Protein chains: 2
Amino acid sequence: MFTKVLVAEDYEIANQGIIKVLKDTVGIPQIEEAKYCDDAYLKFRKAHQDMAPFELLITDLSFKEDHKVQTRTSGIELIRDIRNIQADIKVIVYSQEDRPDKINMLFDKYNINGYVCKGQDAIKELTNCIDGVYQEKTMLPKVLTDSSTANQMVLLDDLDMILLEELAKGFTKKEIRLKLKEQKITPNSESSIDKKVSKLFDDFKAKNTTHLVAIVKDLGLL
Amino acid sequence: MFTKVLVAEDYEIANQGIIKVLKDTVGIPQIEEAKYCDDAYLKFRKAHQDMAPFELLITDLSFKEDHKVQTRTSGIELIRDIRNIQADIKVIVYSQEDRPDKINMLFDKYNINGYVCKGQDAIKELTNCIDGVYQEKTMLPKVLTDSSTANQMVLLDDLDMILLEELAKGFTKKEIRLKLKEQKITPNSESSIDKKVSKLFDDFKAKNTTHLVAIVKDLGLL
DNA sequence: TGTCGCTTTACAGAAATCTGTAAGGATATA
DNA sequence: TATATCCTTACAGATTTCTGTAAAGCGACA
């Protein structure tokens, strides 16, 4: 089993709870905690320099901001920076977030090894997840393995995301067309943009642009 | 100090943490917990029938749904139902939510006695809040007392909210006008609706309807 | 070379949005 | 009663959205 683990979680009460589980249930001897991303990063770097690196990072995604100025404010940035030092570190994200698309993104873009939703069975799921990751498995949370929710997803390419973002920012299609042209992104005719957006209307069953943006915001894609 | 408290929180690890704080730091002798709103309600009703009522409810807002079918799925419904039995019960909401408008709504519409944001100083804030509520005070969280964020709020009336909701659902202003007329809500001319929405554009610095809905969704007002 | 299929683009028209101005109605005050 | 103010409504015009059709561009392949 893992012998040295770092827990990054700003929510004090949960923080203590996780450590208790790691210590008592999983039986990990060396556990360190951090309430800020920057703290976590520094602890990690020091351990790595001292040739006693952590084997696993368990991190939340959102860290509330307070008086302390932080260079890193989200778990994603923490993962990115830590992977730059030690590419093969195992990472488990442990968050409130339960929207499939967001979680998928973490596996796709950041190659995390496991994900656990905060919730009723958090203790069991967390210990399962740690076991699996230790055996080199990729541990998806229930929301992704559950076929009833996993299949009805809409696949969006980069341009789709750009269009949704720009529309949500209130730009007209003419303005978006010019932006795309400046950035040499094709297709960039107003007609193609219309077509793309119309397809999004179909995909998300939206009546118009406003409705589309509202739906996509609710799904957490924006 | 309170002698009998009910904690409703589905997130297992936090649940245990809160109870530990109540027991060790605050020193409350009788603490019961519930992971489901329905459970909480039943425990509460039984205690009330047995003439040994709870004096304080500490509850989360969002409860993840799972296989169990629940009649109540959010803390708000729980508060409403419990207040119907025992109107003077003290209620502290303890949630992730940190958007001023949402929290304000809880104080205005549901007369909660205190609010604590899950976060770094949760333990201290929670004990403070319990002390204050015991002294019959209304305990606002930092996000509401902090003048830097409290003042720049936009006040929305019922019609504003209706318009925002309908626009987010993709209805045209003509359709909205007809709906308002059916429900005998005035003003309901397309011109007045235009004016109202234009004012919202100004208030939220939105370029158009789509932008407006995106902003309002981000603020958590919809 | 030709043609099939796909994507991109051009264009056009009906509908909706957004922004003005101006008129009508209600209320309060002198 | 007269006047001022505020809210509601009507209307108009420029712009944008949305939905079609049709043409042009391009790679695959016989």
Side-chain angles (χ1 to χ4, degrees), chain A residues 152-219 221-222, chain B residues 152-219 221-222:
Chain A
Q152 49 189 310
M153 284 181 32
V154 178
L155 291 176
L156 303 178
D157 59 27
D158 290 346
L159 184 53
D160 286 325
M161 288 307 297
I162 293 174
L163 294 181
L164 289 172
E165 281 163 15
E166 297 299 314
L167 289 171
K169 284 187 208 155
F171 292 106
T172 65
K173 298 191 178 162
K174 195 180 290 181
E175 292 171 315
I176 295 174
R177 193 195 77 207
L178 294 175
K179 281 197 176 191
L180 290 179
K181 235 169 202 159
E182 270 180 27
Q183 298 173 44
K184 314 225 187 265
I185 298 173
T186 53
N188 55 35
S189 70
E190 227 154 314
S191 178
S192 289
I193 295 173
D194 277 348
K195 287 268 192 304
K196 273 244 166 220
V197 175
S198 281
K199 180 158 181 348
L200 291 175
F201 287 175
D202 289 346
D203 289 343
F204 290 102
K205 293 167 193 18
K207 294 199 189 80
N208 53 38
T209 308
T210 303
H211 194 198
L212 175 65
V213 166
I215 291 170
V216 171
K217 284 269 178 200
D218 283 342
L219 290 174
L221 297 174
L222 274 186
Chain B
Q152 50 189 312
M153 285 182 31
V154 178
L155 290 177
L156 303 178
D157 59 26
D158 290 345
L159 184 53
D160 286 326
M161 287 307 298
I162 293 175
L163 294 182
L164 289 173
E165 281 163 14
E166 295 300 314
L167 289 172
K169 285 188 208 156
F171 292 107
T172 66
K173 297 188 178 163
K174 195 178 289 180
E175 291 171 314
I176 295 174
R177 192 195 79 208
L178 294 174
K179 280 198 177 191
L180 290 178
K181 239 175 198 154
E182 270 180 26
Q183 298 172 44
K184 315 231 186 257
I185 299 173
T186 54
N188 55 36
S189 70
E190 227 153 313
S191 179
S192 290
I193 295 173
D194 277 348
K195 287 268 190 304
K196 275 246 165 216
V197 175
S198 282
K199 180 158 182 349
L200 292 175
F201 287 174
D202 288 346
D203 290 342
F204 290 101
K205 294 169 193 15
K207 295 199 187 80
N208 53 38
T209 308
T210 304
H211 194 196
L212 175 66
V213 166
I215 291 170
V216 170
K217 283 270 178 200
D218 283 342
L219 289 174
L221 296 174
L222 276 187

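Since we're looking at a predicted model, the values are computed, not measured. Chain naming here is simple, since letters A, B, ... match the order of the sequence lines and numbering starts at 1 in each.
- Between B/Ile193 and B/Pro187, every side-chain heavy-atom pair lies at or beyond the 4.5 Å cut-off.
- Taking the ring centre of B/Phe201 as origin, the terminal cationic atom of B/Lys207 falls outside the region bounded by 6.0 Å and 45° from the ring axis.
- OP1 or OP2 of C/dT19 lies within a sub-4.0 Å distance of a side-chain N or O belonging to B/Ser198.
- For the pair B/Asp194 CG and D/dC7 P, the interatomic distance rounds to 17 Å; values are reported in whole Å.
- Between B/Glu190 and B/Arg177 there is a salt bridge, with a side-chain nitrogen of the basic residue lying less than 4.0 Å from a carboxylate oxygen of the acidic one.
- One can place NZ of B/Lys199 at 14 Å from C1' of D/dC7, the figure rounded to the nearest angstrom.
- Look at A/Ser191 and you won't find any side-chain N or O under 4.0 angstrom from OP1 or OP2 of C/dC11.
- Following rounding to the nearest Å, B/Lys207 (NZ) and D/dT15 (P) show an atom-to-atom distance of 19 Å.
- Checking side-chain atoms of B/Ser192 against main-chain N and O of B/Asn188 turns up no donor-acceptor pair under 3.5 Å.
- Put simply, NZ on B/Lys196 is 12 Å from P on D/dT9, counting in whole angstrom units.
- Contact check of residues 156-190 of chain B against DNA chain C (heavy atom, cut-off under 4.0 Å) returns B/Thr172, B/Lys173, B/Lys174.
- A/Asn208 places its CG atom 14 Å from the C1' atom of D/dT19, with the value rounded to the nearest Å.
- Taking atom NE2 of residue B/His211 and atom C1' of nucleotide C/dC18, one finds them 16 Å apart after rounding to whole Å.
- Remark: B/Asp157 engages B/Lys196 in a salt bridge (Lys or Arg N to Asp or Glu O under 4.0 Å) (not counting sequence neighbours).
- A donor and an acceptor atom, one from each side chain of A/Thr210 and B/Thr210, are located under 3.5 Å apart.
- For B/Lys195 against C/dT21, a side-chain-to-base donor-acceptor contact under 3.5 Å is present.
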